[in-house]
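The figures that follow rest on heavy atoms only: side chains count, while hydrogens, waters and symmetry mates do not.
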Amino acid sequence: MEEREAILEVRGLRKWFGGVHALDGVDLEIYDGEILGIIGPNGSGKTTLFNVVAGVHKPTGGSVTWMGEDITGKSAESMAGRGIIRTFQQAMAFEDLTVRDNVGIACQHRPRSVLADQEYEGLANPEEIIEFVGLSEFADEKATNLGFGNLRRLGVGIAIGGHPQLLMADEPAAGLNDNETADLSRLIESIRERGVTVAVIDHDMNMMMNICDRLVVLDFGQKIAEGDPSEVRNDPKVLEVYLGEDLAAAAD
């Protein structure tokens with residue numbers, strides 16, 4: 001991968017919940033324009049990492065730097081105002097509102113400080129976003145009536161409505177079938193093509209191997225490996241610790 005600027009840097013990040021060290025000294029960088037994958041077994045600290053970076057949790061120690069600014073411990077609202085926006089493992093939407101209204105609310109509450117002078121590559125209003133995520137035919141459908149795959153797409157559309165510069169997607173393929181996962185992979189790649197940097201957590205190793213430029217591997221709150229997918233797939237420590245044949249068999 002060509003050399004890129006690190007827009008986000010994490011140094012010695014720690015998050016403790018009582019005696020549980022969910023993050024225990026994690027260092028990583030996210031580079032402008034890449035798709036970074038965060039993988040690891042359940043309980044390895046992946047979602048906690050997203051929560052701390054996105055301002056959902058305050059860290060116990062360490063630092064988070066965004067475009068040269070120390071943003072350690074700032075609120076989720078403050079992070080969103082800087083263009084750091086995350087999705088959650090659960091599909092989040094206002095169930096009784098239509099697809100159009102859900103995306104419209106996200107656009108209406110878009111932080112004015114985020115990309116205020118840019119057209120965001122043609123995704124400036126709800127209709128454009130709904131078309132981009134493939135939900136135009138469901139624009140007037142209530143979220144509660146959507147199938148699970150389309151509800152996942154809506155969640156991505158809501159996040160895009162906030163104009164992320166860094167989109168952090170937490171298990172977006174969870175519960176999807178193979179065709180839905182393939183569609184989601186193309187959507188994530190399209191988001192990157194629009195100029196958005198993406199960090200993604202998921203357990204679907206085929207998807208992660210195919211769409212990610214780099215992978216960071218966590219285990220028990222620590223980073224145990226980092227590199228391009230082919231390096232990580234063949235890392236003896238990664239294979240031994242938890243992924244085994246599932247990772248070795250993932251797509252080339």
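- Side-chain N or O atoms of Lys58 include one that pairs as donor or acceptor with a backbone N or O of Gly73 at under 3.5 Å.
- Using a 4.0 Å cut-off between charged side-chain N and carboxylate O, Glu180 and Arg152 make no salt bridge.
- The closest side-chain heavy-atom distance from Thr72 to Pro59 is below 4.5 Å.
- With rounding to the nearest 0.5 Å, the separation of CZ in Arg86 from OG1 in Thr47 is 6.0 Å.
- Interatomic distance, CD of Glu131 versus OG of Ser136, reported as 5.0 Å (0.5 Å rounding).
- Only one option out of Glu189, Arg192, Arg186 pairs with Ile211 in a side chain to side chain contact (heavy atoms under 4.5 Å, CB included); it is Glu189.
- Across every non-hydrogen atom of Thr98 and Asp140, the tightest pair is CG2-O, 3.5 Å.
- Once rounded to the nearest 0.5 Å, the distance linking CG of Leu36 with OH of Tyr31 reads 10.0 Å.
- The hydrophobic cluster containing Val52 does not contain Val20, counting ILVMFWY residues as joined when their side-chain heavy atoms lie under 4.5 angstrom apart, directly or transitively.
- Atom CG of Asn145 is surrounded by more than 12 heavy atoms from other residues, nucleotides or ligands within 6.0 Å.
- Its side chain within the 4.5 Å cluster rule, Ile105 clusters with Phe94, Leu97 among the Ile, Leu, Val, Met, Phe, Trp and Tyr residues.
- Placement of Leu218 and Trp16 in two distinct hydrophobic clusters is found when ILVMFWY residues are connected by side-chain heavy-atom separations under 4.5 Å, directly or transitively.
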Residue pair Val103, Val133: steps toward the side chain to side chain contact (heavy atoms under 4.5 Å, CB included) verdict = CA-CA 11 Å; Val103 177; Val133 299; over 6 Å; no
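- Closest approach of Val64 and Asp70 over heavy atoms only: O-OD1, 3.4 Å.
- The existence of a salt bridge linking Glu127 and Arg100 is confirmed by a sub-4.0 Å separation between a basic side-chain nitrogen and an acidic carboxylate oxygen.
- In terms of modelled atom types and a separation under 3.5 Å, the side chain of Glu231 and the main chain of Asp228 share a donor-acceptor contact.
- Contact annotation: the side chain of Leu8 never approaches that of Thr197 to less than 4.5 Å [non-hydrogen atoms, C-beta and beyond].
- Looking only at side-chain heavy atoms (C-beta outward), Phe50 and Val56 stay at 4.5 Å or farther from each other.
- Ile84 is listed as a side-chain neighbour of Ile71, based on a closest heavy-atom distance under 4.5 Å.
- One distance of note links CE of Met208 with CD1 of Ile201; it measures 8.0 Å at 0.5 Å rounding.
- Looking only at side-chain heavy atoms (C-beta outward), Met168 and Met79 stay at 4.5 Å or farther from each other.
- Contacts of Thr65 classified as side chain to side chain donor-acceptor pair (under 3.5 Å), with partners at least two apart in sequence or in another chain: none.
- Within the 3.5 Å criterion, the main-chain N or O of Asp170 finds a donor-acceptor partner in the side chain of Thr87.
- The hydrophobic clustering, which links ILVMFWY residues whose side-chain heavy atoms are closer than 4.5 Å, places Phe220 and Leu13 apart.
- Summarising the geometry, atom CH2 belonging to Trp66 is positioned 10.0 Å from atom CZ belonging to Arg82; distances are rounded to the nearest 0.5 Å.
- Using a 30° and 60° split on the angle between ring planes, His57 and Phe17 fall in the perpendicular class, above 60°.
- A heavy-atom distance below 4.5 Å is found between the side chains of Met205 and Ile39.
- Between Lys46 and His203 there is a side-chain heavy-atom pair separated by less than 4.5 Å.
- Between the side chain of Asp213 and the backbone N or O of Glu34 there is no donor-acceptor pair closer than 3.5 Å.
- With values rounded to the nearest 0.5 angstrom, Ile188 atom CD1 is found 5.0 Å from Met207 atom CE.
- Checked against side chain to side chain donor-acceptor pair (under 3.5 Å), Lys223 has the following partners two or more places apart in sequence or in another chain: Glu226.
- Using a 4.5 Å heavy-atom threshold, the side chains of Asn210 and Ser185 count as separate.
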